[in-house]
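The structure appears right after this line, and notes come after that.
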Amino acid sequence: MTNEINESLRSFVEYLVKSLVDEPDTVQINEVTAEHSTTYEVHVSPNDLGKVIGKQGRIANALRTVTKAAAMKHKRKVYVEIVP
Amino acid sequence: MNQSLSPEAEDFASDCTRFITELFSVTDLDVRPGTVNWNSPYLNLELVGEDADAIFGRYGEYLDSLQYLVNQALVNRYGREKRLILDAGGYRERRAQTLRKLALDLAAQVKELGQEAELDPLPPQERRIIHNTLADDPEVTTYSEGVDPNRYVVITPRIE
């Protein structure tokens with residue numbers, strides 16, 4: 001069950017990230033599962049880093065917040081990290 | 001829906017609707033696009049469903065962040081003249097009531113003390129509610145300071 005939730009959250013993050021960037025084909029989201037939390041590592045083209053981080057990290061923060069919202073029902077702790 | 005929508009506004013509306021549908025279709029959450037309402041330059045879209053109310057209708061931060069991301073995703077195609085405003089579970093109207101009351105309470109304080117008051121940072125649509133609430137007050141004026149997302153409203157005594 002947890003795997004299904006993680007996978008659906010991974011797809012959720014992927015959809016959001018792909019919608020923001022110019023090169024959606026290079027987007028890769030890796031899921032790193034710990035005991036009480038899951039981290040989604042976001043990989044994008046170097047040209048697209050600004051599009052997922054934003055001024056003062058505003059877009060990255062919104063990604064984190066919305067992912068938290070999607071995980072809320074399952075009381076799952078989730079982190080989103082932009083990996084350069 | 002408004003019948004006199006321009007083709008571009010129609011496209012914007014259907015892109016916003018599709019975005020929400022596709023985004024939540026990969027989850028097990030019941031969040032769906034409901035009615036849309038065009039109030040240029042804003043497209044108001046209501047999120048419906050059990051989880052829309054329980055999650056996005058209860059926590060404004062979640063609603064605002066989702067709204068920000070959808071706008072950010074569509075800005076390349078439509079520019080900044082068209083903006084999506086999301087609502088869920090009547091959140092926007094409840095929030096507007098809270099903000100109007102806050103504006104009136106603070107204005108009363110400003111008049112009493114003769115000193116200006118600063119609000120916490122608010123998004124543009126919420127700052128507008130504060131400005132509009134006090135627009136006709138002969139004793140105070142309002143202006144905004146700072147840069148989004150830290151831009152905030154200041155209420156100040158009107159100088160005779």
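When reading the values below, keep in mind they use all heavy atoms of this one structure, side chains included, and skip hydrogens, waters and symmetry mates.
A single hydrophobic cluster is not seen to contain both B:L102 and B:Y91; linkage of ILVMFWY side chains at heavy-atom distances under 4.5 Å, directly or through other members, places them apart. Put simply, A:Y15 and A:V78 are part of the same group of oily side chains (I, L, V, M, F, W, Y) that touch within less than 4.5 Å, one to the next. The cluster map of Ile, Leu, Val, Met, Phe, Trp and Tyr, joined by side-chain heavy atoms under 4.5 Å apart, puts B:Y152 and B:L134 in different clusters. In this structure, B:F24 is a member of the same hydrophobic cluster as A:V17, with clusters built from ILVMFWY side-chain heavy atoms closer than 4.5 Å. No chain of hydrophobic side-chain contacts below 4.5 Å, direct or via other Ile, Leu, Val, Met, Phe, Trp or Tyr residues, connects B:L69 to B:V75.
In this structure, the side chains of A:T65 and B:D64 stay at 4.5 Å or more apart for every pair of heavy atoms. Between A:M72 and B:D51 there is no side-chain heavy-atom pair separated by less than 4.5 Å. The shortest side-chain heavy-atom distance between B:D28 and A:E4 does not fall under the 4.5 Å cut-off. Within the 4.5 Å cutoff, the side chain of A:K51 has heavy atoms near those of the B:N76 side chain. With a 4.5 Å cut-off on side-chain heavy atoms, B:T27 and A:L9 do not count as touching.
Looking at every heavy atom in both residues, A:V66 comes nearest to B:Y62 through CG2-O, 4.4 Å.
Looking at A:D22, only its side chain comes within 4.5 Å of chain B, counting heavy atoms on both sides. Using a 4.5 Å cut-off between heavy atoms, B:Y59 contacts chain A through its side chain alone, with no backbone atom that close.
Summarising the local packing, CD of B:E50 is surrounded by 12 or fewer heavy atoms from other residues, nucleotides or ligands at distances under 6.0 Å. Atom OH of B:Y143 is surrounded by more than 12 heavy atoms from other residues, nucleotides or ligands within 6.0 Å.
Interatomic distance, B:L23 CG to A:L16 CG, rounded to the nearest 0.5 Å: 4.5 Å. One finds the NZ atom of A:K68 at 13.0 Å from the CD1 atom of B:I55 (value rounded to the nearest 0.5 Å). We find the CG-OH distance between A:L63 and B:Y68 to be 10.0 Å, quoted to the nearest 0.5 Å.
For residues 111-130 of chain B, an interface with chain A (any heavy-atom pair closer than 4.5 Å) does not exist.
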